[in-house]
Number of protein chains: 2
Amino acid sequence: MVDTQNMEKNTATQILDVAQEMVRNRGYSAFSYADISKQVGIRKASIHYHFSTKDELVKELVKRYREDMMRACDRISQSSLDLDQQVIQFANLYRNGLESQQICLCAMLAADYAVLPQSVQNEIQTFFQVAEDWLSNLLQQGSDARLWTCHPSADQEAKGLIAMLQGAQLLARSQTNSTDTFEQMVYPLLKAKFSKP
Amino acid sequence: MVDTQNMEKNTATQILDVAQEMVRNRGYSAFSYADISKQVGIRKASIHYHFSTKDELVKELVKRYREDMMRACDRISQSSLDLDQQVIQFANLYRNGLESQQICLCAMLAADYAVLPQSVQNEIQTFFQVAEDWLSNLLQQGSDARLWTCHPSADQEAKGLIAMLQGAQLLARSQTNSTDTFEQMVYPLLKAKFSKP
DNA sequence: TGACATCTACCTACCAGATGGTAGATACTC
DNA sequence: GAGTATCTACCATCTGGTAGGTAGATGTCA
């Protein structure tokens with residue numbers, strides 16, 4: 001993964017990074033401006049300079065997360081991997097987060113959905129939509145190439161697979177060995193369903 | 001479902017009922033003693049008489065929920081339904097909650113896992129264990145009867161199925177038509193995998 | 001070049017309201 | 001009188017958010 005590691009991150013980015021880690025770990029209602037301020041090393045009031053309200057901050061967070069996710073997906077698409085391996089790579093995105101107790105940001109916010117403002121709810125819906133579209137496209141390609149069959153449709157399969165990944169993450173985290181549990185839950189099923197005959 | 005509808009519920013039960021609805025809808029960090037007090041019609045301080053701390057309340061909540069869940073599962077086991085229909089009935093438990101925007105209590109608390117005290121974390125682990133055991137047993141029966149095959153094991157299939165149901169609930173709730181979305185995600189897959197040949 | 005104005009990114013000090021929780025009084029029943 | 005179930009009144013702490021100030025960088029124009 002290429003990113004701007006060495007150049008000093010600007011404060012807004014640092015705030016988003018810290019907030020993201022907290023939401024993915026604890027959820028929307030369980031993190032505060034005070035928490036962020038401690039970790040970033042800035043006064044609580046200064047955060048409002050960058051993000052006027054908590055809701056605004058989280059909205060930006062989801063937007064950035066979706067864009068990052070799409071970049072990661074594009075990287076998979078543009079790789080030279082076989083289609084079945086691309087499905088595995090997609091699942092790996094979820095497994096990787098677990099290594100630091102991180103649930104998908106939008107899975108976490110889906111749990112907090114009832115207390116989120118409309119604007120954030122919309123961003124989350126968009127996230128699920130683009131993720132589903134991308135995966136559906138991949139599954140359809142495999143279906144066209146007769147590597148597997150989608151039942152009843154690539155779209156439904158994509159929805160189901162994403163649901164499974166999100167649920168597996170959540171469930172796995174409450175086990176002592178999260179990553180192993182996740183792998184045992186997800187990969188056998190994946191290999192049975194989406195592999196070259 | 002038979003329960004003690006008509007006889008007046010005692011206060012402790014009312015508190016648990018209200019708390020349960022709130023946690024299943026908003027999560028652990030987003031409900032308060034003040035919220036409960038308003039809905040039950042009792043002063044905030046009085047709740048502490050029945051449940052000394054919030055953590056104690058939630059611990060009791062999970063315990064009761066697990067027992068209710070087990071009773072519901074036993075009712076399915078003891079029905080005269082075919083095994084494939086029993087799997088559907090199990091999935092229905094999750095679908096039904098969605099009708100009132102209710103996520104499985106333990107799926108919700110799995111999201112809040114990082115901020116929960118050890119005692120509640122333990123209760124949640126137990127919940128997942130007993131649910132998995134029950135479902136695993138059912139799937140194994142179907143496998144023994146050659147209605148379907150479990151791959152790689154009934155245990156893994158059970159884990160995966162529960163993950164899928166939890167994830168589907170979470171995802172579906174952020175869609176406008178939650179129940180339909182859930183059904184479209186879950187039932188085709190269920191019928192493809194667990195149905196009489 | 002120097003004087004001024006504006007902008008950026010932070011700060012201190014505060015606010016009202018909510019949070020979980022406690023102490024102690026008060027009814028009501030057996 | 002003892003026990004049960006509730007109340008009022010209070011507490012320290014945390015919540016997101018605001019008001020207003022400040023140091024330093026940058027721009028502008030005579």
Side-chain angles (χ1 to χ4, degrees), chain A residues 4 7-23 25-62 108-109 111-121 123, chain B residues 4 7-23 25-62 108-109 111-121 123:
Chain A
T4 50
M7 69 191 253
E8 263 204 74
K9 285 180 197 155
N10 67 43
T11 309
T13 306
Q14 280 186 64
I15 293 170
L16 286 175
D17 290 349
V18 169
Q20 177 165 306
E21 209 200 292
M22 283 175 172
V23 177
N25 190 243
R26 312 187 207 164
Y28 173 82
S29 303
F31 91 100
S32 71
Y33 268 39
D35 293 328
I36 297 176
S37 107
K38 271 173 226 152
Q39 279 213 35
V40 175
I42 201 183
R43 292 294 158 152
K44 192 180 59 130
S46 307
I47 302 172
H48 287 279
Y49 173 78
H50 299 280
F51 303 96
S52 57
T53 65
K54 193 185 181 187
D55 292 343
E56 174 66 22
L57 166 59
V58 175
K59 201 187 99 192
E60 291 295 315
L61 201 55
V62 179
M108 213 61 182
L109 293 176
D112 297 323
Y113 202 76
V115 295
L116 297 174
Q118 186 78 52
S119 61
V120 178
Q121 292 184 346
E123 290 288 339
Chain B
T4 50
M7 71 191 252
E8 262 205 77
K9 286 180 198 155
N10 67 43
T11 309
T13 307
Q14 280 187 64
I15 292 171
L16 286 174
D17 289 348
V18 169
Q20 177 164 306
E21 209 200 291
M22 285 176 171
V23 177
N25 189 243
R26 314 187 205 163
Y28 174 80
S29 303
F31 91 100
S32 71
Y33 269 39
D35 293 328
I36 297 176
S37 107
K38 270 173 227 154
Q39 279 213 37
V40 176
I42 201 183
R43 293 294 158 151
K44 193 179 60 128
S46 307
I47 303 172
H48 287 279
Y49 173 78
H50 299 280
F51 303 96
S52 57
T53 65
K54 194 185 180 185
D55 292 343
E56 174 66 21
L57 166 58
V58 175
K59 201 187 100 191
E60 290 296 315
L61 201 54
V62 179
M108 213 62 181
L109 292 175
D112 296 322
Y113 202 76
V115 296
L116 298 173
Q118 186 77 53
S119 60
V120 178
Q121 292 184 346
E123 290 288 338

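Worth knowing before you read on, the calculation uses all heavy atoms, side chains too, and leaves out hydrogens, waters and symmetry mates. Residue numbers start from 1 in every chain, and the chains themselves are labelled A, B, ... in the order their sequence lines are given, proteins ahead of strands.
A 4.0 Å heavy-atom criterion places the boundary nucleotides of DNA chain D facing chain B at D:dT4 to D:dA9, written 5' to 3'.
Donor-acceptor pairing under 3.5 Å, judged by distance alone, is present between the side chain of B:Lys44 and the base of C:dG20.
Residue B:Tyr33 is in sugar-phosphate contact alone, with no base atom involved, counting any heavy-atom pair closer than 4.0 Å across all strands shown. If you check every strand for non-hydrogen atoms under 4.0 Å, A:Ala34 touches sugar and phosphate atoms only. Within 4.0 Å of B:Phe51, counting heavy atoms only, lies no atom of the nucleic acid at all.
With hydrogens and angles disregarded, no donor-acceptor distance shorter than 3.5 Å links the side chain of B:Tyr33 to the backbone of B:Ser46. A donor-acceptor contact shorter than 3.5 Å is absent between the side chain of B:Asp55 and the backbone of B:Pro117. When atom types are taken as modelled, the side chain of B:Gln121 and the backbone of B:Tyr113 share a donor-acceptor pair closer than 3.5 angstrom.
Rounding to whole angstrom units, CG of residue B:Asp35 and P of C:dG17 are separated by 17 Å. Here C:dA9 presents its C1' atom at 15 Å from CZ of A:Arg43, a figure rounded to the nearest Å. The nearest whole Å value for the distance from the CD1 atom in B:Ile42 to the P atom in C:dT26 is 19 Å. Regarding B:Ile47, its CD1 atom lies at a distance of 11 Å from the P atom of C:dG21, rounded to whole Å. Atom CD1 in A:Ile15 sits about 11 Å away from atom C1' in C:dC10, given to the nearest Å. Following rounding to the nearest Å, B:His48 (NE2) and C:dG20 (P) show an atom-to-atom distance of 8 Å.
Atom NZ of A:Lys59 sits in a sparse spot, with 12 or fewer heavy atoms from other residues, nucleotides or ligands closer than 6.0 Å.
Listed here is the closest heavy atom pair of B:Val115 and B:Ser29: CG2-OG, 3.9 Å. When all heavy atoms are compared, the tightest approach of A:Met22 to A:Phe31 is CB-CB, 3.9 Å.
Between C:dC10 and A:Thr11, a contact under 4.0 Å exists linking OP1 or OP2 to a side-chain N or O.
Inter-residue side-chain proximity for A:Phe51 and A:Leu16 is flagged as met; some heavy-atom pair is nearer than 4.5 Å.
Across C:dT22, C:dT19, C:dC10, the shortest atom-to-atom separation from the side chain of B:Ser32 is found for C:dT19.
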